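Because the structure is a prediction, the values reported are computed rather than measured.
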Amino acid sequence: MTVTITYCRPCGYLRRAEKAATALENELGVVAELVPGKGGIYQVAVNGEVVAKKTRSGFPEPQEICAAVAAAAS
């Protein structure tokens, strides 16, 4: 299983991506690859399929990301 977190570097989303990656490793034992991007992007993908992303209402919390990754892995 490949998990990637793509984040907008110019927007300063790196710290948020790092927190999500740490939560995934601690909760699920999954190592996520952090991929810098731009244009306001913040999304988590499992094997290329987006399972969580930033929306108009805000960012997914680390717990939501872990649940989405776990669901995609099962």
Side-chain angles (χ1 to χ4, degrees):
M1 171 173 64
T2 303
V3 178
T4 57
I5 302 173
T6 305
Y7 64 94
C8 179
R9 183 181 298 204
C11 296
Y13 297 164
L14 174 59
R15 179 164 282 148
R16 184 178 297 274
E18 289 173 334
K19 281 185 178 182
T22 299
L24 285 168
E25 189 166 2
N26 291 341
E27 297 292 320
L28 305 175
V30 172
V31 176
E33 178 186 356
L34 300 181
V35 180
K38 54 187 173 181
I41 192 168
Y42 184 84
Q43 65 184 26
V44 181
V46 175
N47 297 329
E49 181 180 333
V50 176
V51 297
K53 65 181 182 177
K54 178 175 84 75
T55 63
R56 288 179 188 240
S57 59
F59 291 87
E61 293 297 323
Q63 303 90 333
E64 295 173 79
I65 292 169
C66 287
V69 170
S74 61

Check residues 34-46 and write down every donor-acceptor pair under 3.5 Å in which the side-chain atom is one partner and the other belongs to a residue at least two apart or another chain.
unit_1: Y42; atom_1: OH; unit_2: R16; atom_2: O; d: 3.4

Note to self: Grouping I, L, V, M, F, W and Y whenever their side-chain heavy atoms are under 4.5 Å apart, do L24 and L14 come out in a common cluster?
What the structure shows: yes

Note to self: Could you measure the distance from the CG atom of L28 to the CD1 atom of I65? Nearest 0.5 Å is fine.
What the structure shows: 11.0 Å

Next item on the list: Identify the heavy atoms of P60 and K53 that sit nearest to each other, and give their distance.
Entry: CD-O, 3.5 Å

Margin query: What's the separation between atom CE in M1 and atom OG in S74, rounded to the nearest 0.5 Å?
Written below: 10.0 Å

Note to self: Testing the basics here: between I5 and A21, what is the closest heavy-atom pair and its distance to 0.1 Å?
What the structure shows: CD1-N, 3.7 Å

Note to self: Checking Y13 against K54 for the side chain to side chain contact (heavy atoms under 4.5 Å, CB included) test, could you report, in this order, the C-alpha distance in whole Å, the side-chain angles of both residues, the deciding distance, and whether it holds?
What the structure shows: CA-CA 11 Å; Y13 297 164; K54 178 175 84 75; 3.7 Å; yes

